[in-house]
Amino acid sequence: MLWSKLFIPTLREVPADAEVASHRLLLRAGYVRPLGAGIYNYLPLAQRSLAKIQRIIREEMEAIGAQEFHLAALNPAEVWQESGRWTAMGQNMFRLRDRFQRDLCLGMTHEEVMTALARGELRSYKQLPQIWYQIQTKFRDEPRPKSGLLRTRQFTMKDSYSFDLAPSGLDLSYEKHRQAYCRIFERCGLDYVVVEADSGSMGGSASQEFMVATDAGEDYVVVCRQTGYAANLEKAVSRPTPPSLPDNDADLSPTEVHTPNQKTIDEVAAFLNLPTTSSIKTLVLIATFGDKHSPLIALLRGNHQLSETKFLAATGAKEFRPAHPEEIRSLFGADPGSLGPVGVTNIPIYADKALEGRKNLVAGANKDDYHLLHVTPGEDFSATFADIRQVEAGDTELHSGAPLEILKTMEIGHIFKLGYKYSDSMGLTVLNEEGKETRVIMGSYGIGVERVLCGAIELFHDADGISMPPSIAPFEVVLTPVNLTDESQRTAAFDLYNSLRAQGVDTLLDDRDERPGVKFKDADLIGIPWRVTLGKKLAQGLVEVAERRTKTVTEVPLTEVASWLCSKLRP
RNA sequence: CGGGGCGUGGCUCAGCCUGGUAGAGCGCCUGGUUCGGGACCAGGAGGCCGGAGGUUCGAAUCCUCUCGCCCCGACCA
């Protein structure tokens, strides 16, 4: 295409509101423009990149036998009521009413719609397995849209759903997706990690996330370079650092000690001249089971943090919150700061495994300004031991003891074994070989299309702008004639342009009446992987080919540059 | 939903404290000179200062309300 005819509104100055790199650069490079909070218009450059990402996704989905659908974005409430998610989704769902006061919503994902479609049409085991997918706009009423295209209220998602007769079939469909996703993200030029994920309220047995490491992300993952272990921080397990002081091995009984005004773990530890690793942290939580609320105690080593996800999993609670000070006082007769498990019998106690086998620790005495020395878990109080601790820096891999890293990441894809959640709630069955009604087992698999674009930009940018991976760049090559009024440059540029296009190279010709500096700056900013400069050297039959990513410049004869580029782009 | 910040021309911002009727740079248009890393000169267009109400002789500026946007937190199938 000709640059002069394309709408590429690059900005010289940095937009004030953009903080993360991809947001700033998408605006500066003229890819997108905001329409409202978390709502963006995609301009031609973004549209071209997103189309290329989608093409790669389609090719890889078709390769595993998936079939593309286009589903309704406007959904009647009934389908969502059937699965229970009409209420479960809460405020995150965009809802509306039609003129007859019927409730509708805008789809935020399509498990319900797919299942509703499948149950009307799939009758026999002979029709299974099926993989159905779509690439469509999803709507979520985000409480806080942010970071440009990273968290928006309207975005494009590839979502697919597998229908199988048996768990072994689901395993296969899941594995096909896992491999397809790896190929998709590889072809998109991304560096990514696959991590074990919490399946959360999606239910189901297994789930993995595809993550790009970037500070712009919102998730933390734990990875071990030696063993390959990788998991979302929510569910990651590890071996904790050893206590900084070995426990006193003597057989001692709890002893009260006066600790005036020492409230926090750190204060108490300093006051008693013991490390925080020798303290027990006592958290009082009000958990929800069904529609009932009841208090629970969580115990952790003094320096450890509670993992909410693990605690929910360990207790089976639906949700929980910290108890209010008044609740604590009425339960314990003491204020937060002096709480402990000793003598508590009417509240279930969950103790982290890092406390199992420890001896003679410090805990609150349930009496203001007093703590207990010599508290031994399992002896001085009984508790359910479970892993309810969040992995922290310095921990090591559970089995091998190899070092772990904690990375900040952005989720670009997620695969789930759903199991029977939707087929049960919505009645999706087929007849099996014996003619008996059989539940269909499902999987669900998503890719955030814009996030692939953002991930690429987060990973590949520099002070000059974006350095897009060639496979998803809006153009593969930009031709930059230094001076278009020079007839030989002009002719050479247009000839090369036509020749590249004839060979299927996605080429942009910068035919604008601009000074060379402007053209170079713009080309770097929008991130085209290869730039061909046609200038003075043309007299010797040479052009310069600059690689955006490495900033290397190679002089190539004009007559050979097309095939030279082809060999780089299609090796 | 809590906390913070910001709304002045397309963009980045100054002016606000101490009220007197709106500015700069970039961008845009015209002409000229330029032309290998965001040129220069000259001329020009473009703003009911987010909105409403109030105080005042007079409000971008002070007060109240409201809307929008950004950031932190909560939240995030």
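In what follows, chains are A, B, ... by sequence order, proteins preceding strands, each numbered from 1.
- Between A:A37 and A:T10, the residue whose closest nucleotide on RNA chain B is further toward the 5' end is A:T10.
- Using a 4.0 Å heavy-atom cutoff across all strands shown, A:E544 reaches at least one base atom of the nucleic acid.
- Separating the NZ atom of A:K408 from the P atom of B:rC76 is a distance of 17 Å, rounded to the nearest angstrom.
- Pair assignment for B:rC16: none, as no Watson-Crick or G-U wobble contacts are both less than 3.5 Å.
- A donor-acceptor contact under 3.5 angstrom links the side chains of A:E111 and A:S444, judged on distance only.
- Using modelled atom types and a 3.5 Å distance limit, the side chains of A:K292 and A:S294 yield no donor-acceptor pair.
- Nearest-nucleotide assignment on RNA chain B puts the 5′-proximal partner with A:S147, out of A:S147 and A:M89.
- Distances were taken from every side-chain heavy atom of A:R144 (C-beta onward) to each of B:rG36, B:rC72, B:rG38; the shortest belongs to B:rC72.
- For A:D17, the side-chain atoms get nearest to B:rC69 when compared with the rest of B:rG36, B:rA39, B:rC69.
- Straight-line distance from the CZ atom of A:F94 to the C1' atom of B:rC76: 14 Å, rounded to whole Å.
- The side chain of A:E308 approaches B:rC75 more closely than any other nucleotide in the set B:rC70, B:rC75, B:rG37.
- Across all strands, A:G36 comes closer than 4.0 Å only to sugar-phosphate atoms, never to a base (heavy-atom distances).
- One N or O donor and one acceptor, one from the side chain of A:R140 and one from the base of B:rA77, sit under 3.5 Å apart.
- For A:R531 against B:rG37, a side-chain N or O and a base N or O form a donor-acceptor pair under 3.5 Å.
- Among the atoms of the strands shown, none is found under 4.0 Å from any heavy atom of A:T485.
- Among the heavy atoms of the strands, none lies under 4.0 Å from A:R153.
- A donor and an acceptor atom, one from each side chain of A:D219 and A:T409, are nowhere located under 3.5 Å apart.
- Base contact: A:D522 has a heavy atom under 4.0 Å from a base atom.
- In plain terms, the two heavy atoms of A:I526 and A:A29 that are nearest each other are CG2-O, 3.5 Å.
- A:P15 comes within 4.0 angstrom of sugar-phosphate atoms only, judged by non-hydrogen atoms across all strands, and of no base.
- A:R321 comes within 4.0 angstrom of nothing in the nucleic acid, heavy atoms only.
- One can place CD of A:E19 at 15 Å from P of B:rG5, the figure rounded to the nearest angstrom.
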Could you go through A:Y174 and A:Q208, starting from their C-alpha distance and side-chain angles, then the distance that decides it, and tell me whether this counts as side-chain hydrogen bond (donor to acceptor under 3.5 Å, both in side chains)? CA-CA 10 Å; A:Y174 181 88; A:Q208 286 169 299; 3.0 Å; yes
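- No engagement by A:M93 is indicated, since no non-hydrogen atom pair under 4.0 Å with the nucleic acid exists.
- Using a 3.5 Å distance cut-off with no hydrogens or angles, the side chains of A:Q390 and A:E234 do not pair a donor with an acceptor.
- As the counterpart of B:rA22, no nucleotide is assigned, since no Watson-Crick or G-U wobble pattern has both distances under 3.5 Å.
- At a threshold of 4.0 angstrom between heavy atoms, the contacts of A:K146 are confined to the sugar-phosphate backbone, with no base atom among them.
- To the nearest angstrom, P of B:rC76 lies 12 Å from CD of A:Q91.
- Regarding A:L11, its CG atom lies at a distance of 15 Å from the C1' atom of B:rG25, rounded to whole Å.
- Rounded to whole Å, atom P of B:rA77 lies 19 Å from atom CH2 of A:W86.
- Computed from coordinates, the A:E142 CD to B:rC76 C1' distance equals 6 Å when rounded to whole Å.
- Rounded to whole Å, the distance from CD on A:E319 to P on B:rA74 is 16 Å.
- An OP1 or OP2 oxygen of B:rC26 is reached within less than 4.0 angstrom by no side-chain nitrogen or oxygen of A:R12.
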